[in-house]
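A quick write-up on the structure given underneath.
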There are 2 protein chains.
Amino acid sequence: MTDRSPAAGKPIRTAITDEDGIDFAIIELFFFAYRDFTSDPDQILADYGFGRAHHRVLHFVNRRPGLTVAELLDVLKITKQSLARVLKQLIDTDHIVQVQGPRDRRQRELYPTAKGRALALALARPQSRRIRAALEDSGTTERASIERFLEAMVNPELRAQIDIMPAQTSGKKNGDH
Amino acid sequence: MTDRSPAAGKPIRTAITDEDGIDFAIIELFFFAYRDFTSDPDQILADYGFGRAHHRVLHFVNRRPGLTVAELLDVLKITKQSLARVLKQLIDTDHIVQVQGPRDRRQRELYPTAKGRALALALARPQSRRIRAALEDSGTTERASIERFLEAMVNPELRAQIDIMPAQTSGKKNGDH
DNA sequence: GGAATTATGTCAGTACTATTGACGTAATTT
DNA sequence: AAATTACGTCAATAGTACTGACATAATTCC
């Protein structure tokens, strides 16, 4: 149990490098950056007994008030069942309310309450601080270049989800043309 | 059940914006970018019955061959128990081997096998392609600026973990293509 | 040499997020 | 009237994570 079994392959002792032109540096940085990026709100969420799933739901309901359950599922790319418990908890704790759809009464439009809005802001605050600090520390003159890079990392067919957002992404790249 | 309960707060119908100077644009982009970034290897991992945890272990063992279990736990920021099952599976499937530490025989140095090296490369390939494409698409003249930004997003006290990596993260301003 | 500490492995129990599949209900569309 | 859609819910399962406890072997400290 201590050593490798007889049939096992031999250990490779050299570190993986940029062979095949693989960009390990940015792959790793992306991992670490996202890990720490999500750790900020995780602290706050723990106080509520919530997890990341609650955060995501809360975020998008605040960003697109009135979106339906189906739309939310599409943005989050999870299943109805995964959303069910999380959404129910957010409704039960009075962070989100459902309103019957005006045109289609089958639909449930989701809106944040004042409480839900406040929590969404509290969760976003440390993340935004981290981003601002990172932009400054890294001497990024244009934040637009970071924005463009991140957007280009998203699957093209899914970028539509981003563009639907409340805009004001400032100058963005398109300018609505 | 259809509508909101009597005690519930009133729905807020306006979208959350950049109030309080919160950078929702980049917060969202980071979420979408990471979601798609991880979706590439997820496809491949599914064929092996592996998950993201296996990927991370495989990645770091390939990046720092010979690292010990304790070091791996420190990098991944998970507990021993969380690592146990995943590491065992990778060893049983001959992707990783353990070697008794030379100085300290209590330690288990972790090394990839040829099989483990190959899988790590296969998993990194689509991610690297995505990064390269994003750099090109976004017209990022220097990739170093993206690197600096991502590094600045990492908690300062944890940046040591990155700097230990097989170098060429730092001296990377080479433009070997 | 003996005691404390360290590195690792393992067991038991739990939680959260996610999955697929199935079924029911109400509302809309055809 | 029939089919479809939007939503909710139930059951069963999986992957990843957690805490706490305990065992073993090896090293270090006194």
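Quick note on labels: first sequence line is chain A, next is B, and so on, each numbered from 1.
- Of the residues in residues 43-57 of chain B, those placing a heavy atom less than 4.0 Å from an atom of DNA chain D are G51(B), R52(B), A53(B), H54(B), R56(B), in numerical order.
- In this structure, L73(A) places its CG atom 12 Å from C1' of dG8(D), rounding to the nearest Å.
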_Apply side chain to side chain donor-acceptor pair (under 3.5 Å) to residues Q89(B) and H95(B) and explain how you reach the verdict._
CA-CA 9 Å; Q89(B) 286 178 301; H95(B) 287 95; over 6 Å; no

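- Nearest nucleotide to the V69(A) side chain, out of dC7(D), dT17(C), dG9(C): dC7(D).
- Cation-pi contact between R130(A) and F37(A): absent, since separation from the ring centre below 6.0 Å together with deviation from the ring axis within 45° is not met.
- If you take CG of L76(B) and C1' of dA17(D), they are 12 Å apart, rounded to a whole angstrom.
- Nearest-nucleotide assignment on DNA chain C puts the 5′-proximal partner with T68(B), out of I78(A) and T68(B).
- Q98(A) has no side-chain polar atom (N or O) that falls below the 4.0 Å cut-off from OP1 or OP2 of dC7(D).
- Atom CZ of R35(A) and atom NZ of K77(B) lie 5.5 Å apart (nearest 0.5 Å).
- Within the 4.5 Å cutoff, side-chain heavy atoms of L135(B) are placed close to those of I131(B).
- One can place NZ of K88(B) at 14 Å from C1' of dC11(C), the figure rounded to the nearest angstrom.
- Salt bridge annotation for D42(A)-R52(A): present, with a cationic side-chain nitrogen under 4.0 angstrom from a carboxylate oxygen.
- Checking side-chain atoms of R105(A) against main-chain N and O of R103(A) turns up no donor-acceptor pair under 3.5 Å.
- Summarising the geometry, the separation between CD on Q89(A) and P on dA18(C) is reported as 12 Å, rounded to the nearest angstrom.
- Contact check on R159(B) versus E151(B) returns no salt bridge, with no Lys/Arg side-chain nitrogen under 4.0 Å from an Asp/Glu carboxylate oxygen.
- Ring-plane geometry between F149(A) and F30(A) is classed as perpendicular, the angle between the planes exceeding 60 degrees on a 0 to 90 degree scale with a lower cut at 30.
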_Nucleotide-resolved protein contact map, nucleotides 23-30 of chain D, B/S/- at heavy-atom distance under 4.0 Å_ = --BBS---

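- Residue S82(A) places no side-chain N or O under 4.0 Å from the OP1 or OP2 atom of dT17(C).
- Comparing Q81(B) and V86(B) by the nucleotide of DNA chain D that holds the closest heavy atom to each, the one mapping nearer the 5' end is V86(B).
- Terminal axes of the helix from dG1(C)-dC30(D) to dT30(C)-dA1(D) (five pairs each, C1' rotation axis) are separated by 20°, to the nearest 10°.
- Between the CG atom of L87(A) and the C1' atom of dC16(C) there is a distance of 16 Å, rounded to whole Å.
- Rounded to an integer number of Å, the gap from D92(A) CG to dT9(D) C1' is 14 Å.
- What separates CG of D42(A) from P of dA17(D) is a distance of 12 Å, to the nearest Å.
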_If you apply the rule salt bridge (Lys or Arg N to Asp or Glu O under 4.0 Å), what do you find for R148(A) with D137(B), and how did you get there?_
CA-CA 8 Å; R148(A) 278 198 308 272; D137(B) 289 5; over 6 Å; no

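- In this structure, D74(B) places its CG atom 11 Å from P of dA7(C), rounding to the nearest Å.
- For dT19(C), one of the phosphate oxygens OP1 or OP2 lies less than 4.0 angstrom from a side-chain nitrogen or oxygen of T79(A).
- Between Y34(B) and Y34(A), the ring-plane angle classifies as parallel under the 30° and 60° cut-offs.
- Ring planes of F60(A) and F32(B): tilted class, angle from 30 to 60°.
- Figure legend: R56(B) and F31(A) shown without cation-pi pairing, the cationic atom not lying both under 6.0 angstrom from the six-membered ring centre and within 45 degrees of its axis.
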